[in-house]
Amino acid sequence: MKLNERSLAFYATCDSPADNAGFLYKRGERHTAYHRRWFVLKGNMLFYFEERESREPVGVIVLEGCTVELCDSAEEFTFAIRFGGTKSRTYVLAAESQAAMESWVKSLSRASFNYMRLVVRELEKQLEEMRWGPAGGCGGCQGSPSSWKPKPSGLEQSPERLPALPAVVPKENGCAVWNNVPGADRPPNASGCGGHDREGNPRPPPPPPRRQASNSEAGSTGAAVAESPSTFCQLHERYGQEVARLRQDWLERRRSPWP
């Protein structure tokens, strides 16, 4: 790409947005006096004009291979643009306030192409870490995100290993048997509940799930909403006495001779 004065003047005065613009005091190369100039920063090019309404820039500074740093000077809020090399020129500028100086130093430090390339690389690295994780990808998996598929679970890998359950739960004396379903392989119960206890004696089956009251029953009786502990204790004691009486009658009938 070839640049000439006409193309630079057009780029400096066109309607493209500027990264920073404002008045700065520029120290002369031969004379140490400071001159007030209007500066416009676009990309890595710093243009300066004699006045804000000037149609052509006085000069341009290409911000590549340079450093921006503060410097000691008789003027306040002074900073310098230094280039590498023995014969390179150093541009000394002064702002009108501390805030303006900090803004210009920050903008000029980020204007070079090398800085933008480092920022792009860092953003690409962060994007890769977000996609694949810090270790390099999905717990060690390789390939694009579209080709990666989750591994099937154990049920999907071997559906034939599942035991066949009966369609109807067997019953004894009209009551469902909850712990002796034929053909069902049960894992050993570490808690000792159900099946056999440690001594080998069979344990009673667990109680069936409680029947929930219907809406009509809940609406007809207010006692179904909340039951006090005293009522439960009375019912428990009453049924306990009845069970004890029935057991005592059964033992007496068993001891008595047959008629």
Side-chain angles (χ1 to χ4, degrees), residues 119 121-259:
V119 171
R121 289 180 179 178
E122 183 65 23
L123 292 176
E124 290 178 349
K125 182 179 178 181
Q126 295 179 7
L127 182 60
E128 290 296 328
E129 290 181 356
M130 293 175 61
R131 287 182 176 178
W132 301 99
C138 294
C141 68
Q142 297 179 355
S144 61
S146 59
S147 62
W148 178 83
K149 295 182 179 180
K151 295 183 178 180
S153 60
L155 298 178
E156 296 177 358
Q157 291 178 355
S158 57
E160 64 276 0
R161 296 182 182 179
L162 297 177
L165 299 178
V168 181
V169 180
K171 297 183 179 181
E172 292 182 2
N173 298 329
C175 298
V177 180
W178 301 93
N179 63 338
N180 60 348
V181 178
D185 298 333
R186 297 181 179 85
N189 194 349
S191 61
C193 299
H196 297 76
D197 56 8
R198 296 180 180 179
E199 298 179 357
N201 300 325
R203 289 183 175 272
R210 295 181 60 184
R211 182 179 65 87
Q212 298 181 358
S214 61
N215 296 332
S216 59
E217 295 176 357
S220 60
T221 58
V225 177
E227 189 175 275
S228 62
S230 59
T231 306
F232 176 78
C233 294
Q234 294 176 3
L235 293 175
H236 186 273
E237 184 178 359
R238 183 184 305 173
Y239 284 114
Q241 294 176 359
E242 184 176 355
V243 170
R245 182 177 56 79
L246 293 175
R247 184 174 182 275
Q248 184 67 24
D249 295 343
W250 176 76
L251 291 175
E252 291 178 358
R253 290 197 303 268
R254 188 176 181 182
R255 294 172 184 174
S256 61
W258 294 93

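Counting non-hydrogen atoms of other residues, nucleotides and ligands closer than 6.0 Å to CD of Q126 gives a total above 12.
Side-chain contact between R245 and E242 is present, with at least one heavy-atom pair separated by less than 4.5 Å.
Taking CG of L127 as the reference point, atom CD of E129 lies at 10.0 Å (rounded to 0.5 Å). Atoms CD and CZ, on Q248 and R253 in that order, are 11.0 Å from each other to the nearest 0.5 Å.
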If you apply the rule side chain to side chain contact (heavy atoms under 4.5 Å, CB included), what do you find for E128 with E124, and how did you get there? CA-CA 6 Å; E128 290 296 328; E124 290 178 349; 5.6 Å; no
